[in-house]
2 protein chains.
Amino acid sequence: MVTKQFSGSPDEADLRRADSLAREIFSDIANKWSFLIIEALGERTLRFTELRNEIEGISHKMLTQNLRMLERNGLVERRVHPTVPPRVEYTLTESGQGLRATVDGMCDWTHRYLSHIDAARRRFDV
Amino acid sequence: MVTKQFSGSPDEADLRRADSLAREIFSDIANKWSFLIIEALGERTLRFTELRNEIEGISHKMLTQNLRMLERNGLVERRVHPTVPPRVEYTLTESGQGLRATVDGMCDWTHRYLSHIDAARRRFDV
DNA sequence: CAGAATCCACTATGATACTG
DNA sequence: CAGTATCATAGTGGATTCTG
């Protein structure tokens, strides 16, 4: 469990708070779009529309929502250039970069086990 | 992007198929419950009810659904003992173990940046 | 005990239109 | 261009009941 590492120690109340926060973060971030956004950003800075083009299938709305959420959690920095038309750039922060390692890991895993998974599916889908 | 590593190579059709499969897998597995199940299983074998107790807040239905999905993708092995009452055990397969490394990474990340994220949230939630 | 099936509330998502 | 708002709807997920 995500939260296990916090159990059974001195300050019960604090730890419960940390627990539920960890869980909340986990719920927020462990989703498809977040991961794809983090992957897409990588080490680059991208504008809203560039990001939208980069991530196949994401809707305007989902991109906005997930970017807000990532910004709120401090994984993404949003820089607004007060020009007309507006120019908004998104970049991964340090913590965002930290998570990127994990997401990269998952991408590698996906490609490593692709045929393996494909076979498992065929077996399952009688 | 998850799929980028497959683009621009010889056999277009095959690669597109691999692409969409990778994307499908990503969508299936990059979700909160999958991750929590993989974490909970770790190196242990657990029964349905044990798993349910282990993962706080998961409903009977979600656990069943996600276990089926993980089984279908070959990450989890389901062993049924033909007894009364039935005894069903779940274990991570090799590929499941492979993904566990990633999930562990995310757990570590969560705990490492916990206070960082908490601060970012406070700043954001004016 | 494990799980399938049902019902139902609620949420997520896409499409569309509007604003600075 | 980026973002907000609104609406319709498909889908999620919980509670409950039933079965082998």
Side-chain angles (χ1 to χ4, degrees), chain A residues 2 20 23-37 40-41 44-73 75-92 124-126, chain B residues 20 23-38 40-41 44-73 75-92 124-126:
Chain A
V2 196
S20 81
R23 186 60 170 264
E24 220 179 283
I25 293 168
F26 212 78
S27 301
D28 260 16
I29 295 172
N31 88 70
K32 168 184 163 184
W33 295 129
S34 295
F35 277 29
L36 290 173
I37 290 171
L41 280 177
R44 302 177 289 175
T45 290
L46 291 177
R47 300 180 60 175
F48 185 87
T49 306
E50 293 169 338
L51 213 34
R52 183 149 163 45
N53 293 333
E54 201 66 26
I55 302 171
E56 196 185 298
I58 196 166
S59 70
H60 190 114
K61 189 177 179 178
M62 281 304 97
L63 183 54
T64 305
Q65 282 184 4
N66 278 279
L67 281 172
R68 283 296 162 283
M69 180 274 288
L70 291 173
E71 189 194 357
R72 180 170 115 89
N73 287 297
L75 278 80
V76 160
E77 192 197 332
R78 176 168 176 269
R79 217 161 339 179
V80 184
H81 301 266
T83 57
V84 175
R87 175 187 189 84
V88 183
E89 294 179 327
Y90 294 93
T91 317
L92 288 185
F124 191 90
D125 301 338
V126 281
Chain B
S20 81
R23 186 60 170 266
E24 220 179 283
I25 293 168
F26 213 76
S27 302
D28 260 16
I29 295 172
N31 87 71
K32 168 183 161 183
W33 294 130
S34 295
F35 277 27
L36 290 173
I37 290 171
I38 290 168
L41 280 178
R44 300 177 291 175
T45 290
L46 290 177
R47 299 179 61 175
F48 184 86
T49 307
E50 291 170 339
L51 213 34
R52 184 149 163 43
N53 293 333
E54 201 66 26
I55 302 171
E56 196 185 299
I58 196 167
S59 70
H60 191 114
K61 188 179 179 178
M62 280 303 97
L63 183 54
T64 304
Q65 282 185 5
N66 278 277
L67 281 172
R68 282 296 160 285
M69 180 275 287
L70 291 173
E71 189 194 356
R72 180 170 115 90
N73 286 298
L75 278 80
V76 160
E77 192 199 332
R78 177 168 175 268
R79 217 163 338 179
V80 184
H81 300 266
T83 57
V84 176
R87 175 188 188 83
V88 183
E89 294 179 328
Y90 295 93
T91 317
L92 287 186
F124 191 91
D125 302 337
V126 281

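Predicted model, so just to flag it, every value in this text is computed and none were measured. Order of the sequence lines fixes the chain letters, A, B, ..., with proteins taken first and strands second; residue numbering starts at 1 for each chain.
- Contacts of B:Arg79 classified as side chain to side chain donor-acceptor pair (under 3.5 Å), with partners at least two apart in sequence or in another chain: B:Thr91.
- Following rounding to the nearest Å, B:Asn66 (CG) and C:dA4 (P) show an atom-to-atom distance of 14 Å.
- Among residues at least two apart or in separate chains, salt bridge (charged side-chain N to carboxylate O under 4.0 Å, His left out) pairs with a member in residues 83-92 of chain B are B:Arg87-B:Glu89.
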Might you list the N or O atoms of the protein lying below 3.5 Å from N or O atoms in nucleotides 3-8 of chain D, with each pair's distance?
residue, atom, partner, partner atom, Å
D:dG3, OP1, A:Arg68, NH2, 3.4
D:dG3, OP1, A:Arg78, NE, 2.7
D:dG3, OP1, A:Arg78, NH2, 2.7
D:dG3, OP1, A:Tyr90, OH, 2.8
D:dG3, OP2, A:Tyr90, OH, 3.0
D:dG3, N7, A:His60, NE2, 2.8

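- D:dG13 atom C1' lies 10 Å from atom CH2 of B:Trp33, rounded to whole Å.
- Each of B:Leu63, B:Val76, B:Ile37, B:Thr45 was scored for a side-chain contact (heavy atoms from CB on, under 4.5 Å) with B:Tyr90, with one residue passing: B:Val76.
- Protein atom CZ of B:Arg52 is 10 Å distant from nucleotide atom C1' of D:dG14, rounded to whole Å.
- As a whole-Å value, the separation of B:Lys32 NZ from C:dT11 P is 13 Å.
- Rounded to whole Å, the distance from CD on B:Glu56 to C1' on D:dG14 is 16 Å.
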Output a table of donor-acceptor pairs, distance under 3.5 Å, between side-chain atoms of residues 28-35 of chain A and any protein atom two or more places apart or on a different chain; print 'none' if there are none.
residue, atom, partner, partner atom, Å
A:Asp28, OD2, A:Asn73, ND2, 3.1
A:Asp28, OD2, B:Arg121, NH2, 3.4
A:Asn31, OD1, A:Trp33, N, 2.8
A:Asn31, OD1, A:Ser34, N, 3.2
A:Asn31, ND2, A:Asp28, O, 3.1
A:Asn31, ND2, A:Ser34, OG, 2.9
A:Lys32, NZ, B:Ser27, OG, 3.4

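- The separation between B:Gln65 atom CD and D:dA15 atom C1' is 14 Å, rounded to whole Å.
- Take A:Arg78 and apply the salt bridge (charged side-chain N to carboxylate O under 4.0 Å, His left out) test, not counting sequence neighbours, and it matches no residue.
- Distance, B:Arg72 CZ to C:dG3 P: 18 Å, rounded to whole Å.
- Taking atom CG of residue B:Leu63 and atom P of nucleotide D:dA15, one finds them 14 Å apart after rounding to whole Å.
- With the nearest nucleotide of DNA chain C identified for both A:Pro85 and A:Met62, A:Met62 has the one nearer the 5' end.
- Checked against salt bridge (charged side-chain N to carboxylate O under 4.0 Å, His left out), B:Glu50 has no partners two or more places apart in sequence or in another chain.
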